[in-house]
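First up is the structure itself, then whatever we jot down about it.
Letters A, B, ... mirror the listed sequences (proteins, then strands); counts begin at 1.
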Amino acid sequence: MSVSVATWNINSVRLRLPIVLDFLRQYQPDVLMLQEIKCTNDQFPANAFTEAGYPYQAVHGQKGYHGVAIVSKFPLTDISSKVFCEIPDSRHVSALLDFGQGAVKFHNFYIPAGGDEPDPAINPKFKHKLGFLDELKHWFATPDFERGHLIAGDFNIAPHENDVWSHKQLLKVVSHTPVETEALTALLEGGHGWVDLVRKHIPYDQKLYSWWSYRARDWNAADKGRRLDHIWATADIAAHTTGAEILRPARGWSDKPSDHVPVITRFA
DNA sequence: ATGACCTGTCGCACAGGA
């Protein structure tokens with residue numbers, strides 16, 4: 001049996017429903033985690049996903065902004081979401097997925113972007129981002145996270161110098177400042193430890209991006225990307241991966257693409 | 001200059017994204 005898991009910041013699931021359905025038809029992931037669905041639970045296009053073969057859904061939306069969802073070919077149980085920093089944005093949803101050979105807890109995160117100014121003293125959005133990471137660090141250190149978890153989503157941090165187009169030019173740009181990259185690396189390596197499933201298969205000496213700004217005249221030619229979207233797992237789960245892929249061509253799908261592309265991992 | 005955009009909202013400008 002082989003299983004694949006994908007994550008994609010879709011930047012409005014209603015606007016981009018046609019390309020999401022194209023992606024599901026073409027790549028057939030068993031689980032897809034979406035961020036920035038930008039709709040309430042009632043507005044989520046549940047029937048379209050059911051008809052596409054994804055009847056099991058965990059949706060945690062809100063009006064206008066943010067919002068996360070998991071759609072799956074396999075039944076989801078124990079669906080819940082957690083509030084971070086006492087700010088009730090829809091930035092997390094989790095569900096237990098039983099493949100018949102053991103259950104895996106899936107977590108879908110939309111970590112705060114952090115605004116423009118990388119200084120928590122003057123920018124409450126950046127303070128929120130650092131606080132969110134700090135709460136994650138404590139949560140992930142609890143005994144439950146020793147094994148059996150997979151986390152994915154838009155982490156809004158490109159941790160390694162080859163996760164951005166220019167390490168030097170982005171050192172003061174939110175998403176690649178040392179305080180952020182060090183916090184994310186501490187999260188990866190701290191607690192019980194996580195495995196970055198994409199970097200397990202695509203080495204750190206290769207430039208790798210999952211997001212390109214809408215502002216560039218030609219995103220492909222300029223290629224000023226960042227790897228903001230991630231899939232991590234506990235060691236017991238990570239041991240079963242067979243490959244990982246970032247779907248760069250999706251940045252050019254349709255005349256209204258998301259600024260993020262899908263990230264996919266495959267398991268034996 | 002990264003570089004001048006994209007989304008949803010009780011819209012006709014704004015917040016939030018990154």
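- Shown here are the ring pair (Phe, Tyr, Trp, His ring centres under 6.0 Å) partners of A/F44, two or more places apart in sequence or in another chain: A/F49.
- Taking the side-chain hydrogen bond (donor to acceptor under 3.5 Å, both in side chains) definition, one finds that A/R251 meets it with nothing, sequence neighbours left out.
- At a threshold of 4.0 angstrom between heavy atoms, the contacts of A/L170 with the nucleic acid are absent.
- Residue contacts for A/R91: at a heavy-atom cut-off of 4.0 Å it reaches the sugar-phosphate backbone alone, with no base atom in range.
- For the contact set between residues 212-220 of chain A and DNA chain B, defined by any heavy atom under 4.0 Å, the members are A/Y214, A/R215, A/R217.
- Within the nucleic acid shown, A/H176 has no heavy atom closer than 4.0 Å to any nucleic acid atom.
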All N/O pairs under 3.5 Å across the protein-nucleotides 11-15 of chain B interface:
none

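- The ring pair (Phe, Tyr, Trp, His ring centres under 6.0 Å) search around A/H201 returns none, not counting sequence neighbours.
- The salt bridge (Lys or Arg N to Asp or Glu O under 4.0 Å) pairs that include a residue from residues 204-220 of chain A number zero, where partners must be two or more places apart or lie in different chains.
- Among pairs with a residue in residues 114-130 of chain A, those fulfilling side chain to side chain donor-acceptor pair (under 3.5 Å) read A/K129-A/E180, at least two apart in sequence or across chains.
- Applying the side chain to side chain donor-acceptor pair (under 3.5 Å) rule to pairs touching residues 186-198 of chain A yields A/D196-A/R227, sequence neighbours excluded.
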Identify each donor-acceptor pair in which a side-chain atom of residues 148-155 of chain A lies under 3.5 Å from a protein atom, sequence neighbours left out, and give them as a table.
{"unit_1": "A/H149", "atom_1": "ND1", "unit_2": "A/H107", "atom_2": "NE2", "d": "3.0"}
{"unit_1": "A/H149", "atom_1": "NE2", "unit_2": "A/D144", "atom_2": "O", "d": "2.9"}
{"unit_1": "A/H149", "atom_1": "NE2", "unit_2": "A/D144", "atom_2": "OD2", "d": "3.3"}
{"unit_1": "A/D154", "atom_1": "OD1", "unit_2": "A/N156", "atom_2": "N", "d": "2.9"}
{"unit_1": "A/D154", "atom_1": "OD2", "unit_2": "A/N9", "atom_2": "ND2", "d": "2.9"}

